[in-house]
Structure formats: C-alpha cells, structure tokens
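Each remark here refers to the structure printed beneath this line.
We use all heavy atoms of the structure for the numbers below, so side chains are in, but hydrogens, waters and symmetry mates are not. Just so we're clear, the structure is a prediction, and the values are computed from it rather than from any experiment. The chains referred to below are lettered A, B, ... by the order of the sequence lines, with proteins before strands, and numbering in each begins at 1.
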Amino acid sequence: MGLIRTALFNWAFARHNGGSLVFRIEDTDASRDSEQAYQALLDGLRWLGLDWDEGPEVGGAYGPYRQSERGHLYADIAKRLLEAGELYEAYSTPEEVAERRRAAGQDPQLGYDNHDRYLTEQQRAELREQGRTPVLRLRMPDEDVTWHDLVRGEITFQAGTVPDPVLVRGNGDPLYTLTNPVDDALMDITHVLRGEDLLPSTPRQIALYRALTRIGVTTGRPEFGHLPYVTGEGNKKLSKRDPQSNLFHHRDRGFIPEGLLNYLALLGWSIADDRDVFTVDELVQAFDIRKVSANPARFDVKKAEAINATHLRALDVADFTERMLPYLIAAGVLDPYPSDSDLETLRAIAPMVQERVTVLSEAGPLVRFLFVDEAGFEPEESASSKALTSDALPLLDAAIAALEAMSAWRTEEIENTLKDALVERLGWRPRKAFTPIRVAVTGRTVSPPLFESMEILGRERSLARLRKARERAANAAA
RNA sequence: GCUCCCAUCGUCCAGCGGCCUAGGACUCCGCCCUUUCAAGGCGGCAACGCGGGUUCGAAUCCCGUUGGGAGCACCA
C-alpha cells in the first residue's frame, strides 16, 4: 500500500506540475520478484486509473541494460570516475574490514572503514598479484552532506558517517548505487519521490551526483522527497514489495478506485482542513508535495470504507449498478450473463442498495432474495428462529389476508395496507410488526426498504414467501 | 551499537508565536428521523510524551530526554 501511495503522490505531483512521469522499480538482477512487483504495481495503477508517460522495460530498470549497450555505458562512466579519482579500487574483504574494526575496539557494524583509500600504487600491485580483484568505491566527501528534502526539509548527514560505498563489483558488474543515479541523470529525472527507507542512501547518491557533475556526465541533481511509511495494525511497515496482495484485496472487497485513491491521498496529506472527500481532479489541482506529512500513517480500514461509501453514493445509479454487477456475479447472486429481467430487477433495487453499502461486496447479501428461485428460497436460520415464531402467526395471517385483497401491487399501497392491517387493526408497534414480514420476504432482518422490496419482488412471490413463513410459524407453535 | 527520520484525540489530518478553554474526519456512545439497516440532523467521550530554555506570550522556535521507525551488503 505504501508503494501504491508513493506512486499516487508521484502521479499527482507530475500531473499537478504538468511534468512527465516515470515509475521505476530498480533491480540490477531483474529477478522474478522484481518483475512481479513491477507488474503488480502497473496493474494496480491501471486499475486505479493512474496513467504514466513512459517507463523502463518490464523487469526492472537495470537487469536488461547490463547485457546491452547500457552496460558499457555504466562501465565507461565508472572508468571515467576512477580516472578522475572519484572512485578508488578497494581490495579489503568484509572479513578484513570487520577484523580491523574489532582490532580498533570498534563495532564491526560500523561498516567499511575507507582503508583502501590510502593504498599506494605499490600496495595495490601487490594485492593484485595475490589474485585479488578490487571493487570500486566512491570517495565520500569530507564535509557534511545536506539537502532540502521535499517533505522533510533540511536533512544533514555528518561527514564521516557514511562509509565509501561500492559502486562496481569485483567482477565488473555495476551496482544499484551506481546505476540509480546514472539512470536518473540520463533520463533527466528532476524529482525523486520515494519511500523513507531510501533516505539513508541519499547522501551517497548526492555524492555520486556531484562526482558525475565534475566529470561532466550531468549537471546538478534531482530534488528528493522521502515519503513516510504506511503501516498496518501495530507499527510495522505494510506490504513491502507486494502492493498487489493488498490493493487487489481491497478491490475484491468492493473498493472503487475513486474511494481508495481519495483515502490513500488523505494518508499523509490533506486537501483542506475541513474536507476529506474529493475527486481525483481536485487532488491533482490541489496537490502540494511540501504539504505531505512526514509521519508514518496507519492504514485505517474503517475510515477507508467510510470514504469509499461516500464515493459510492456519489455515483449515478446506472454507474453504481454497473459496478455492482461483477460483485453480484462473483457472489453467485447473478448468473455471469444475467437475463434482462434480472437486470431490470437489479436496476430497480440499486438505488436502495447504493446508500446502504460501504463496499460493493456487501451488495450481494442485500439483494440475494430477489434472485433466488422460489423453491430454493429459505430465510436465514438466525433471522427466522427469532422472527418467525408462534407470536408472529396472527401477524402473518393478517398480512396475507390483507395483501391478497389488494388491487394494485405498489409500494405505497403495500405500505398502507400493511400498516392498516397490522398497526391499526392488530395494534402492533410498527417496529415489531414488520420484522416477521421482512424476514419472511427477504430472509433477513436487515434488508432494503421492505415495501419497495415487496413491490420489486412481485405479488405472487411475496405472498408465497409469506405463506411459507406462516407455515413455519405454525410449526414453531406446535 | 552507529547514522538518520518521526512525535497533536484510539486512527488520519489541521494548527506553521497570540484567533487554541486545540479544529475537522473516521471509530465509539447518546438523541432526532424511521418499517429493519443505512443515509441525514444534533450532541458527547477523547490529544499537544516529558523536562528545560527563548519570548510579554509556545501545540507552534531551540536544546535535552523518552518513545517509535528506518537504514547500516560486492541486495535493491
């Protein structure tokens, strides 16, 4: 979810500023994992309706390049950096580094000690003769590294706290530490909005940009903005490389893109202090990266649903009906190819469903009673055991008699007839009187409005269900 | 351990020195409306982690502290 939100903010930023937009998941190994993560990201963005301008080949930005011309380009740039003294050959093994740290009474976790910076040509030759192949490390600057982060303001890493990073492996393979800034430079990336986990690697990237600038590969560097995490329950990071599992889980529950987008944007950003429902256009219109909060935000399903619900209600009914359809099919309420009459029924009930659901998957249980065939209809046990008792017998009798005598089967008449028969004549409180009727007709204690439901269900089916319920109540009495 | 980030109701956001006896939203709880459930309306519970400064005045600035998080590979 964090990845998706990062993508959303990138998108909103680019659209707001009229710039072009590139998403990258970076992986020099082009592993299956990264390919899947990348595909999942793109699929998610497509579903959300977020477009982008261009992107690297599927499979990560760097894997393919290594085997192609781009690989030579990295090698060439590395060579030039080496010749300029920005990089140096380092022969120390991790074991040797740790050993030196320990010998100096330091914590080995401090990492590389920049030891090979000071090797003489003579020493290097000797190490080479031992058959060692050097990695290439970047010489970090001796002064503090400071930048103005788009979301966090000024951030400073003290000189000497970031060890010289490896940019090229012993076997000549370029590492992410090299390829990322080089690609940004070559793609003319102006703004980098990414997760805060990349924050600690920013100083060395900035150092590299400076070196690249000095050797004339690029001028300047992008602006950085490090977005906070989205957490789940507890305070742990939510879904690292797998946006799909979460995003599509929410989609399957019946979030609509408008709702999820709105909620996600709200996580760490607000459009105004008195409003939290807005459209995607409004988001783009108002988006300001500098107003994004630096605190980690917890994904609150309840609030997400509430936002989704208001977007659901804002849909026009035809649109809502169409979007609800796949969920009803998935729930087995409707056939994959519903009949015209079923569709007509659905259109009739849709407005009442629309203001009752927070996610689309809730629609199924609400409308199921309209689509089951009569023989298969059976009220839910939990509802009927409470409502269809012997007490309900006189009520059901009166209702059936009154409804049978009715001429026009319309909501208003049904309401008047039942009120007259049950409330006026039998003296039941409305609240009590209509529960058994509701359970008899819809099978549940919670349903769309009763009289409308009965009209849509039709006279015969409604009466048949009431008679069936009466039987049950009679049995309960016996 | 080292470095860096973060710190306002349970949650998200507002607040960028006086408008704050801290505002909105979600959740929760009442009440109204009501044939159920919703929706809608009204109301309520609930927070500036702590300690020092700076200032006439601090939620807002500074320092410290505590707490949380992340990163520390010849991964990305």
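- Looking at heavy-atom distances under 4.0 Å, A:Leu199 makes contact with sugar-phosphate atoms alone, never a base.
- Residue A:Lys303 contributes atom NZ, which lies 13 Å from atom P of B:G24 at whole-angstrom precision.
- Within the nucleic acid shown, A:Gly111 has no heavy atom closer than 4.0 Å to any nucleic acid atom.
- Side-chain N/O atoms of A:Ser293 include one lying less than 4.0 angstrom from OP1 or OP2 on B:C13.
- Protein atom CD of A:Glu154 is 15 Å distant from nucleotide atom P of B:C61, rounded to whole Å.
- Salt bridge A:Glu305/A:Lys302: absent, no basic N to carboxylate O contact under 4.0 Å.
- Distance check on atom C1': B:U65 versus B:C6 gives 15 Å, rounded to whole Å.
- Side chain of A:Gln109, nearest nucleotide from B:G1, B:U27, B:C13: B:G1.
- Remark: A:Glu89 does not engage A:Arg137 in a salt bridge, criterion side-chain N to carboxylate O under 4.0 Å.
- The existence of a salt bridge linking A:Glu362 and A:Arg356 is excluded, since no basic side-chain nitrogen approaches an acidic carboxylate oxygen closer than 4.0 Å.
- Residue-level contact check: A:Pro203 touches neither bases nor backbone, having no heavy atom under 4.0 Å from any strand.
- Each of A:Ala294 and A:Glu452 has a nearest nucleotide on RNA chain B; the 5'-most of these lies closest to A:Ala294.
- Relative to the side chain of A:Glu355, the nucleotides B:G71, B:C74, B:A39 differ in distance, and B:A39 lies closest.
- Evaluation of atom-type donor-acceptor distances gives a pair under 3.5 Å for the side chain of A:Arg356 against the base of B:C37.
- Taking a cutoff of 4.0 Å between a charged side-chain nitrogen and a carboxylate oxygen, A:Arg102 and A:Glu95 do not qualify as a salt bridge.
- Both A:Thr411 and A:Gly268 lie near RNA chain B, and the one whose nearest nucleotide falls closer to the 5' end is A:Gly268.
- If you take CG of A:Asp274 and C1' of B:C12, they are 16 Å apart, rounded to a whole angstrom.
- Summarising the geometry, the separation between CG on A:Asn295 and P on B:G49 is reported as 12 Å, rounded to the nearest angstrom.
- Using a cut-off of 4.0 Å between Lys/Arg side-chain N and Asp/Glu carboxylate O, A:Asp164 and A:Arg139 are scored as not salt-bridged.
- Nucleotides B:C62 and B:A22, compared at atom P, are 24 Å apart to the nearest Å.
- The side chain of A:Leu110 lies closest to B:C2 when the candidates are B:C74, B:C2, B:G71.
- Rounded to whole Å, the separation between the P atoms of B:C33 and B:G51 comes to 48 Å.
- Judged by Watson-Crick or G-U wobble contacts below 3.5 Å, the nucleotide B:U55 has no partner.
- Under the Watson-Crick or G-U wobble criterion, with both distances below 3.5 Å, B:C9 has no partner in any strand shown.
- Judged purely by distance below 3.5 Å, without hydrogens or angles, the side chains of A:Thr411 and A:Glu455 pair a donor atom with an acceptor atom.
- Among the atoms of the strands shown, only primed sugar atoms or phosphate atoms (P, OP1, OP2) are found under 4.0 Å from some heavy atom of A:Val166.
- For B:U60, there is no paired base (Watson-Crick or G-U wobble, both distances below 3.5 Å).
- Taking atom CH2 on A:Trp269 and atom P on B:G24, their separation rounds to 20 Å, with Å as the unit.
- Ranking B:U35, B:G71, B:U36 by closeness to the A:Val446 side chain, first place goes to B:U36.
- A straight line from CG of A:Leu175 to P of B:A73 spans 12 Å, rounded to a whole angstrom.
- For B:C31 and B:C37, the P atoms lie 13 Å apart once the distance is rounded to whole Å.
- A:Ser447 comes within contact range of at least one nucleobase, with a heavy-atom separation under 4.0 Å.
- Within the shown strands, B:G1 is the pairing partner of B:C72 under the Watson-Crick or G-U definition, both distances less than 3.5 Å.
- Across all strands shown, A:Thr156 has heavy atoms under 4.0 Å from sugar-phosphate atoms exclusively, and none from any base.
- Taking the charged nitrogens against the carboxylate oxygens, A:Arg410 and A:Glu452 have no contact shorter than 4.0 Å, which rules out a salt bridge.
- Per the geometry, CG belonging to A:Asp276 stands 12 Å off P belonging to B:G24, to the nearest Å.
- Using atom P as the reference point in both B:U60 and B:C16, the two lie 12 Å apart (nearest Å).
- Across all strands shown, B:A46 remains unpaired; no Watson-Crick or G-U wobble contact has both distances below 3.5 Å.
- Atom P of B:C13 sits at a distance of 14 Å from the matching atom of B:G49, rounded to the whole Å.
- Under the Watson-Crick or G-U wobble criterion, with both distances below 3.5 Å, B:U34 has no partner in any strand shown.
- For A:Arg438 against B:U35, a side-chain N or O and a base N or O form a donor-acceptor pair under 3.5 Å.
- OP1 or OP2 of B:U35 sits under 4.0 Å from a side-chain N or O of A:Lys419.
- Across B:A14, B:C74, B:G1, the shortest atom-to-atom separation from the side chain of A:Ser270 is found for B:A14.
- With both ends at atom P, the span from B:U11 to B:G71 equals 23 Å, rounded to whole Å.
- One atom, CG of A:Asn308, and another, C1' of B:A38, lie 15 Å apart when rounded to the nearest Å.
- Contact check on A:Arg24 versus A:Asp184 returns a salt bridge, with a Lys/Arg side-chain nitrogen under 4.0 Å from an Asp/Glu carboxylate oxygen.
- Counting non-hydrogen atoms under 4.0 angstrom, A:Tyr112 reaches nothing in the nucleic acid.
- Within the structure, every side-chain polar atom (N or O) of A:Arg313 is placed at least 4.0 Å from both OP1 and OP2 of B:G40.
- For A:Arg137, whose side chain is taken as the heavy atoms from C-beta onward, the closest listed nucleotide among B:U35, B:A70, B:C74 is B:C74.
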